[in-house]
Enquirer: 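Mind looking over this structure? Questions follow.
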There are 2 protein chains.
Amino acid sequence: MNQPITAADKTFIALRDDIVEGRIEAGSKLSETELSTKFAVSRAVIREAINRLESCHIVERKANVGARVVALSPQGLIELYQVRESLEGMAARLAATNMTDEEIADLSALLQSHFDEVKGGESYYQEAGDVDFHYRIILGSKNKHLISMLFDGIYHLVRMYRVQLGMAGPRVTTAYDEHKHIVQAILNRDAELAEMLMRRHILYSKNSIEHKLS
Amino acid sequence: MNQPITAADKTFIALRDDIVEGRIEAGSKLSETELSTKFAVSRAVIREAINRLESCHIVERKANVGARVVALSPQGLIELYQVRESLEGMAARLAATNMTDEEIADLSALLQSHFDEVKGGESYYQEAGDVDFHYRIILGSKNKHLISMLFDGIYHLVRMYRVQLGMAGPRVTTAYDEHKHIVQAILNRDAELAEMLMRRHILYSKNSIEHKLS
DNA sequence: ACTTGCTATATTGTCGACAACTTGGTGTTA
DNA sequence: TAACACCAAGTTGTCGACAATATAGCAAGT
């Protein structure tokens, strides 16, 4: 799926991006016929794309009625971060035992490059870097279910909230230190601590966002 | 979806049960044409059912090649229980704050009925009761994502392992005590403890299963 | 005016046929 | 014999048409 092959793949990704980026607004109805003309594919392809979006929890469907883009709400965001805390905490725990020394070294290098950017005054410790950090740890868990749940499901939703509620990326200043401590715990193969630190990290992140929203 | 409406709903559920119960064996290929004759529906319906099975992680699909039922492995079971530990732990934590007094009372009553059964010598503290207990706590979390991930995704897979690797339900003797302590923690609104106990409970369960397998 | 029931319309669900792709086998060549 | 190209059969992907269902609007009755 990294290389979209079929028309349904491409349509799924295009539609998902349209929704996540807000070009199709949250809560709006998805008409199959309308979309099929817009994307120049048959309704079967659109239906498959919508089905996949549904399993990502990006749209909701009712039989014989149709599909709507999910509505964003503060409550929904909180629930999302609760799941993130749970899953990514476990991912950090597993990563501490399952990552190879090489992978940990790479992770350290990534962190160092972030440090250089922050120090350089660019303060360009933006979403891309943060996401990359979390990605590596999730992959490091080597747990198929964790990986797919987070990558295919949760992360696009998180991004949708980020984009549409206009949060300017993750917290720049303190997040770096938190990342550093997590890497240190993984380096020490301290699974318990890695999980705890990751959960705190996400909890702080959630609190920060809630604060911005209020 | 509780009441399957469309043909795709019914086919999805029928197919899922066939796989979980082992009537379609793990690792086997799913031919769309073959299934469409077997269930007397069009291939479109079969395709939708298979798509949904894929998002449950019950089958795996490769573009232009087809779908296979997932293969069961000790490693897969371990990964599954890691996710369960993570998610159900969080569910217990949330349940401790989000369940109503009434729901907690019902949960206590359920536990009591289990106690009566165990005491009555029937030792009929079987899967149904165990599953019911966990269901209520998951629902008590009031977290949509948690609920759907566990109900639609994880639980059918767990059941598939249970049936096909022939594990005779959950541990009868000690599980009751663990359940009791979890309920007590929820009753005390002690979220922290509830999570910890639930995680232990699932961890023990995993260890018990691993022991049986070896 | 409000409710009730029907009808018309539009949308989703299902189907069978065709197109595109993978795979295994065959034959050719070095 | 090994390697390569190609062909054939079968499977999946895509399409347009038809059937079933929901929704909005109108009409009639109280």
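We name chains A, B, ... by the order of the sequence lines, and we start the count at 1 in each one.
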Enquirer: If I take atom OG1 from residue B:T11 and atom CG from residue B:L35, how far apart are they, to the nearest 0.5 angstrom?
Expert: 9.5 Å
Enquirer: With nearest nucleotide decided by heavy atoms, which residue, A:V41 or B:V65, maps closer to the 5′ end of DNA chain D?
Expert: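 This one resolves to B:V65.
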Enquirer: Do any side-chain nitrogens or oxygens of A:R47 fall under 4.0 Å of OP1 or OP2 in C:dT12?
Expert: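 Result: no.
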Enquirer: If the threshold is 4.0 Å, N to carboxylate O, is there a salt bridge linking B:R199 and B:E85?
Expert: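 Between B:E85 and B:R199 there is a salt bridge, with a charged N closer than 4.0 Å to a carboxylate O.
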Enquirer: Can you figure out which of C:dG13, D:dT14, C:dT11 approaches the side chain of B:R43 most closely?
Expert: D:dT14
Enquirer: Of A:A63 and A:I5, whose nearest nucleotide on DNA chain C comes first from the 5' end?
Expert: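 Nearest-nucleotide comparison on DNA chain C picks A:A63.
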Enquirer: Which nucleotide wins on minimum distance to the side chain of B:A44, given the candidates C:dC15, D:dG13, D:dT14?
Expert: C:dC15
Enquirer: Can you check the B:F12 CZ to C:dG13 P distance for me, whole Å?
Expert: 15 Å
Enquirer: Would you say A:S42 places a side-chain N or O within less than 4.0 Å of OP1 or OP2 belonging to D:dC15?
Expert: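 Checking D:dC15 against A:S42, a side-chain N or O does come within under 4.0 Å of OP1 or OP2.
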Enquirer: Measure from CD on B:E34 to P on D:dG10 and round the result to the nearest Å.
Expert: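 Distance check: B:E34 CD to D:dG10 P gives 14 Å.
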Enquirer: Can you tell me the distance, in whole Å, between the CG atom of A:D9 and the C1' atom of D:dT12?
Expert: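 For the pair A:D9 CG and D:dT12 C1', the rounded distance is 13 Å.
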Enquirer: Under 4.0 Å: is that the gap between some side-chain N or O of B:K29 and OP1 or OP2 of D:dG10?
Expert: no
Enquirer: Let me know the distance between CZ of A:F39 and P of D:dC15, rounded to the nearest Å.
Expert: 13 Å
Enquirer: What is the distance, to the nearest angstrom, from the CG atom on B:L35 to the P atom on D:dG10?
Expert: 18 Å
Enquirer: State whether B:F12 and B:R16 meet the cation-pi test: NZ (Lys) or CZ (Arg) under 6.0 Å from the six-membered ring centroid, and within 45° of the perpendicular axis.
Expert: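 Cation-pi check for B:R16 and B:F12: passes.
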Enquirer: When all nucleic acid strands are considered with a 4.0 Å heavy-atom cut-off, which category describes B:I46: base, sugar-phosphate, or nothing?
Expert: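 Since no nucleic acid heavy atom lies under 4.0 Å of B:I46, the category is nothing.
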Enquirer: Between B:R136 and B:E103, is the closest basic N to carboxylate O distance under 4.0 Å?
Expert: no
Enquirer: Do A:H156 and A:D17 pair up side chain to side chain, a donor and an acceptor below 3.5 Å, judged on atom types alone?
Expert: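 Side-chain D/A pair, A:H156 to A:D17: absent.
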Enquirer: Could you tell me how far apart A:I50 (CD1) and C:dT12 (P) are, to the nearest whole angstrom?
Expert: 7 Å
Enquirer: Take the protein atom CZ of B:R61 and the nucleotide atom P of C:dT22, then report the distance between them rounded to whole Å.
Expert: 14 Å
Enquirer: Mapping A:V45 and A:N64 onto DNA chain D by nearest heavy atom, which one lands closer to the 5' end?
Expert: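 Between the two, 5'-proximity favours A:V45.
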Enquirer: Using atom CZ of B:R68 as one end and atom C1' of D:dT12 as the other, report the distance to the nearest whole Å.
Expert: 15 Å
Enquirer: May I ask you to evaluate whether A:K10 reaches the phosphate of D:dG13, defined as a side-chain N or O under 4.0 Å from OP1 or OP2?
Expert: no
